[in-house]
Amino acid sequence: KINGINFGLVNKTAKNPLRYELNEKQNMVLFLYVNKYSNAEISEILTILGHKMSKTRVNDHLESLKFIFHVKTKEQLIEKAIALDYHLLIPRKFLKIGS
């Protein structure tokens, strides 16, 4: 603060933190779905990463995400997730040391 004026991060308006707390698998499924992967592709990717998950289970996660985000369709889920910046949240399991 210089001469009564706030500079830097103090003066910047704080952005709301992520509104909904999701578990690790929900984060992974949502991230991949928002990035236009199909249920089959999501299932395959998560299985490769050691989280054996069928296409049906992926769909179950998407249904629970629709409930959490208070939307009726998967398209609305994508729109709301992007509006709330969930597409920027890269799940930790997707990052490898040294990448």
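Computed over heavy atoms, backbone and side chain alike; hydrogens, waters and symmetry mates excluded.
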For this session: Decide yes or no on side-chain contact (heavy atoms from CB on, under 4.5 Å) for M53 and V29, but give the supporting numbers first.
Result: CA-CA 10 Å; M53 190 179 297; V29 170; 4.1 Å; yes

Problem set entry | Stepwise side-chain contact (heavy atoms from CB on, under 4.5 Å) check, N27 with I90 | CA-CA 8 Å; N27 275 326; I90 300 171; over 6 Å; no

For this session: Name all residues meeting the side-chain hydrogen bond (donor to acceptor under 3.5 Å, both in side chains) criterion together with N59; count only those two or more places apart in sequence or in a different chain, and write none if there are none.
Result: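 Partners of N59 under the side-chain hydrogen bond (donor to acceptor under 3.5 Å, both in side chains) test: K74.
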
Nearest-0.5 Å distance, [atom1] of residue [X] to [atom2] of residue [Y]:
X   : Y   : atom1 : atom2 : answer
I78 : N35 : CD1   : CG    : 9.5 Å
I82 : K80 : CD1   : NZ    : 13.5 Å
L89 : M28 : CG    : CE    : 11.5 Å

Problem set entry | Hydrophobic cluster identity match, I48 and F94, side-chain contacts under 4.5 Å |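 No; tracing contacts between hydrophobic side chains, which count when under 4.5 Å, never links both residues.
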
Exercise. By side chain to side chain contact (heavy atoms under 4.5 Å, CB included), which residues pair with E41, not counting sequence neighbours?
Worked result: Y37, S38

Show me, pair by pair, the donor-acceptor contacts under 3.5 angstrom made by side chains of residues 65-73, not counting sequence neighbours?
from: K66; atom 1: NZ; to: E63; atom 2: OE1; distance (Å): 3.2
from: K66; atom 1: NZ; to: E63; atom 2: OE2; distance (Å): 3.2
from: K66; atom 1: NZ; to: K72; atom 2: O; distance (Å): 3.3
from: T73; atom 1: OG1; to: Q76; atom 2: N; distance (Å): 3.1

Exercise. Can you tell me if D85 uses its side chain to pair, donor with acceptor, with the backbone of L88 under 3.5 Å?
Worked result: no

Exercise. Does any N or O in the side chain of S43 come within less than 3.5 Å of the main-chain N or O of N39, such that one atom is a donor and the other an acceptor?
Worked result: no

Problem set entry | Heavy-atom pair of closest approach, residues Q26 and L22 |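 Result for this residue pair: OE1-CA, 3.5 Å.
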
For this session: Mind jotting down which residue pairs meet the side chain to side chain donor-acceptor pair (under 3.5 Å) criterion with at least one end in residues 49-58? Sequence neighbours excluded, please.
Result: none

Exercise. Just wondering, do L30 and L62 contact through their side chains at under 4.5 Å, heavy atoms?
Worked result: no

Exercise. Considering only heavy atoms from C-beta outward, does the side chain of Y86 approach that of F31 to under 4.5 Å?
Worked result: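 A side-chain contact is absent here, since even the closest heavy-atom pair is not under 4.5 Å.
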
